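To keep things clear, I will list the structure first and then write my remarks on it.
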Amino acid sequence: MGKPPAGRKFEGACVDLTYEGLGVLKQGKDVVFVEGMFPGDEGEVEFSYSRAGQLFGRVTKLTKLSPDRIDPRCKICHACGGCAFQQLSYPAQLTFKSKKVKEQFRKVGKMDVDVLPCLGMKTPYFYRNKIQMPFGKDRRGHVYCGFYKAGTHIIVPVTKCYIEDERAEKILKTACRLMESMRIEPYDEDRRFGVIRHLLIRASRTSNEIMVVIVTAKDSFPSRGNFVKALVKECPDIKTVVQNINSRATNVILGEKEHILFGRGYIEDTLCGLSFQISSKSFYQTNPVMTEVLYGKAMEAAKLKKTDIAFDAYSGIGTIGLIAAKDVKKVISVELVRAAVKDGIKNAERNHIPNFEMYCDDASSFMVRMAEQRQKVDVLFMDPPRKGSDKRFLDALIKLKPERVVYVSCDCSTLARDVAYIQKSYQIESIQPVDMFPQTPHVETVVGLRRK
């Protein structure tokens, strides 16, 4: 077909989904990727663009619906892109995620592996305990909030989100109204003008506490005190308000400088029987219900013994290590972000866990030093960011020689790459997908490995 002109249409049937959840259609010898189509859907598709030799289109009319297609609760889920899988039945979502993990191990890791069925939620809505939204202003001067349309600074207005904590809706609506009445300007990314860039909400499931982080482009602004006072009065679940200052021209949401405007600057939550202190920048899983499932599976894969020395890398606020501590002799937790280490040490103290040691350091360097000193580690937990680990870390892991490795990953592509790198030294015992992100194509995975 060559490079078709944008706007040209064809009739096609969706036969599969890509790693990112795009529909796969075949047109002659070409493959076209279409957002919002699922296997079994047929319809009219318009070519949009090509990129790196791949063709992309958009569906203009569905003529036959997939048996797995359902009516979504949110009518703008496709437009905002935050949860485009709401139109796919939940059993089909779980099947896709297990298949996705298996396919990434085959394509990226060059391994044919067995993958367990993806574990899902009983009620896969209103699960996010962390919400961050930018603000905008329409032509009539009304302030609104929503999500950025992918690849743009265009905010898609959202009045009710079906995957975020239900209490966030009132807070966001109140913030919009107060900003408007107090003439506090939302920040415009393109014009680099205004005050409030984002509102970040963190919600505790067990204590019902809520933290609001007001991300601003400047250190202070008129009516700040009145804004906070009115927001807390109308939304009494808010127990602390923090101002985060981010004056940089960046897509990174949080800046370095902060002020506590109300409360103690953190909230508390209970996970797997432990109490955790969560600050504005703490890494804490966004789906508390499935986090307990995820960490439960991580502990199963670790096969912990009372004589074990456990190492927790990329540990954040120490969650995995603290949960493991009751079943092992000692936990060594290493994290590079100083604020997270501070929270982790406090979390160990508040839970009266004496066999937990936490260090602010680079995990790779720390492990190399341990190996050189011939220190023993029985089980190593690793939960890296989406980009996965790196050769330096994995080489250090191989040098340290823990008997068991538990790899928790939010990206099965980098997971497959990293597991393939260490497969000469470690063999896979289990691969368990967990649906931490219902209504989206994302999946979390726990892999248990044993040294050969």
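Bear in mind that the values here come from a model prediction, so they are computed numbers and not experimental data. Below, each value reflects all heavy atoms present in this structure, side chains not excepted, and no hydrogens, waters or symmetry copies.
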| query | Hey, does the side chain of K64 reach the backbone of G43 with a donor-acceptor pair shorter than 3.5 angstrom? | reply | no
| field | Between R264 and T240: side-chain donor-acceptor atoms closer than 3.5 Å | value | no
| query | Any side-chain donor-acceptor pair under 3.5 Å between S280 and E258? | reply | yes
| Beyond-backbone contact of V101 with V443, side-chain heavy atoms, under 4.5 angstrom | yes
| Below 4.5 Å, heavy atoms only, C-beta onward: do M358 and S315 meet side chain to side chain? | yes
| field | Close side-chain approach of S333 to Y359, heavy-atom, < 4.5 Å | value | no
| message | Would you call the rings of F366 and F311 parallel, tilted or perpendicular, taking 30° and 60° as the class edges? | response | tilted
| remark: Output for pair (I163 CD1, T440 OG1), nearest 0.5 Å, gives 7.0 Å
| message | So, taking the atom named CE in M290 and the one named CG in D435, what distance separates them when rounded to the nearest 0.5 Å? | response | 6.5 Å
| Is there a donor-acceptor pair under 3.5 Å between the side chain of K26 and the backbone N or O of C14? | no
| query | Have S430 and Q432 got a donor and an acceptor in their side chains that come within less than 3.5 Å? | reply | no
| message | Can you see whether Y284 has R202 sitting over its ring - NZ or CZ less than 6.0 Å from the centre and within 45° of the normal? | response | no
| field | Spacing of C272 atom SG and E292 atom CD [to the nearest 0.5 Å] | value | 4.5 Å
| field | Heavy-atom closest contact (P433 atom, V115 atom, distance) | value | CG-CG1, 3.5 Å
| query | Is there a donor-acceptor pair under 3.5 Å between the side chain of K102 and the backbone N or O of V113? | reply | yes
| said: Distance check, rounded to the nearest 0.5 Å: Q277 atom CD versus K346 atom NZ? | reply: 5.0 Å
| request: Using a 4.5 Å cut-off on heavy atoms from C-beta on, say whether the side chain of L271 contacts that of Y295. | output: yes
| query | Does a side chain donor of either D138 or Y144 reach within less than 3.5 Å of an acceptor in the other side chain? | reply | no
| note | What one should report as the nearest heavy-atom pair of A13 and E42 is CB-CG, 3.6 Å
| field | V24 versus T18, closest heavy-atom pair with distance | value | CG2-CG2, 3.6 Å
| remark: Those residues at least two apart in sequence (or on a different chain) that pass side-chain contact (heavy atoms from CB on, under 4.5 Å) with K99 are D16, E103
| query | Which pairs, with at least one residue in residues 162-197 and sequence neighbours excluded, count as a ring pair (Phe, Tyr, Trp, His ring centres under 6.0 Å)? | reply | F126-Y162
| query | When rounded to the nearest 0.5 angstrom, what is the spacing between CD in Q285 and CZ in R128? | reply | 10.5 Å
| field | Close side-chain approach of R205 and D269, heavy atoms under 4.5 Å | value | yes
| field | E268 and S204: side chain donor to acceptor below 3.5 Å | value | no
| query | Does a side-chain heavy-atom distance below 4.5 Å link L25 with V15? | reply | no
| Sole candidate of H198, R197, Q243 that passes side-chain hydrogen bond (donor to acceptor under 3.5 Å, both in side chains) when paired with T216 | Q243
| field | Main-chain N/O of G255 paired to R248 side chain as donor or acceptor, under 3.5 Å | value | no
| Side-chain (R183) to main-chain (E180) donor-acceptor, under 3.5 angstrom | no
| query | Side-chain contact, heavy-atom cut-off 4.5 Å: K130 with Q132? | reply | yes
| field | Approximate separation, where rounding is to 0.5 Å, of T95 OG1 and L17 CG | value | 11.0 Å
| query | Within a reach of under 6.0 Å around CZ of R192, are more than 12 heavy atoms found that belong to other residues, nucleotides or ligands? | reply | yes
| Short side-chain donor-acceptor distance under 3.5 Å, S279 and D343 | yes
| request: Give a yes or no answer on whether the side chain of S181 reaches the backbone of L178 with a donor-acceptor pair at less than 3.5 Å. | output: yes
| said: Please verify the inter-ring angle class for F33 with F56; under 30° counts as parallel, over 60° as perpendicular, anything in between as tilted. | reply: tilted
| request: Assign the ring pair Y314 / F393 to parallel, tilted or perpendicular, where the plane angle (0 to 90°) is split at 30° and 60°. | output: tilted
| Under 3.5 Å, side chain of S275 to main-chain N/O of T270, donor-acceptor pair present? | no
| Hey, would you say the F381 and Y407 ring centroids sit under 6.0 Å apart? | no
| Do you see a donor-acceptor pair shorter than 3.5 Å between the side chains of D41 and S66? | no
| query | Does the R167 side chain pair with the main chain of N208, one donor and one acceptor, at a distance under 3.5 Å? | reply | yes
| query | In terms of side-chain heavy atoms, does T60 have a donor or acceptor partner in E44 at a distance below 3.5 Å? | reply | yes
| field | Considering all heavy atoms, the nearest G265-I260 contact | value | CA-CD1, 3.7 Å
| Is a side-chain donor or acceptor of S98 paired with a backbone partner of C118 at a separation under 3.5 angstrom? | yes
| Inter- and intrachain pairs under salt bridge (Lys or Arg N to Asp or Glu O under 4.0 Å), touching residues 211-225, at least two apart | D219-K257
| task | Grab the two heavy atoms, one from L415 and one from S409, that are nearest each other, plus how far apart they are. | result | CB-OG, 3.5 Å
| query | Do D165 side-chain atoms and N129 backbone N/O form a donor-acceptor pair below 3.5 Å? | reply | no
| K281 versus N244: any side-chain heavy-atom pair under 4.5 Å? | yes
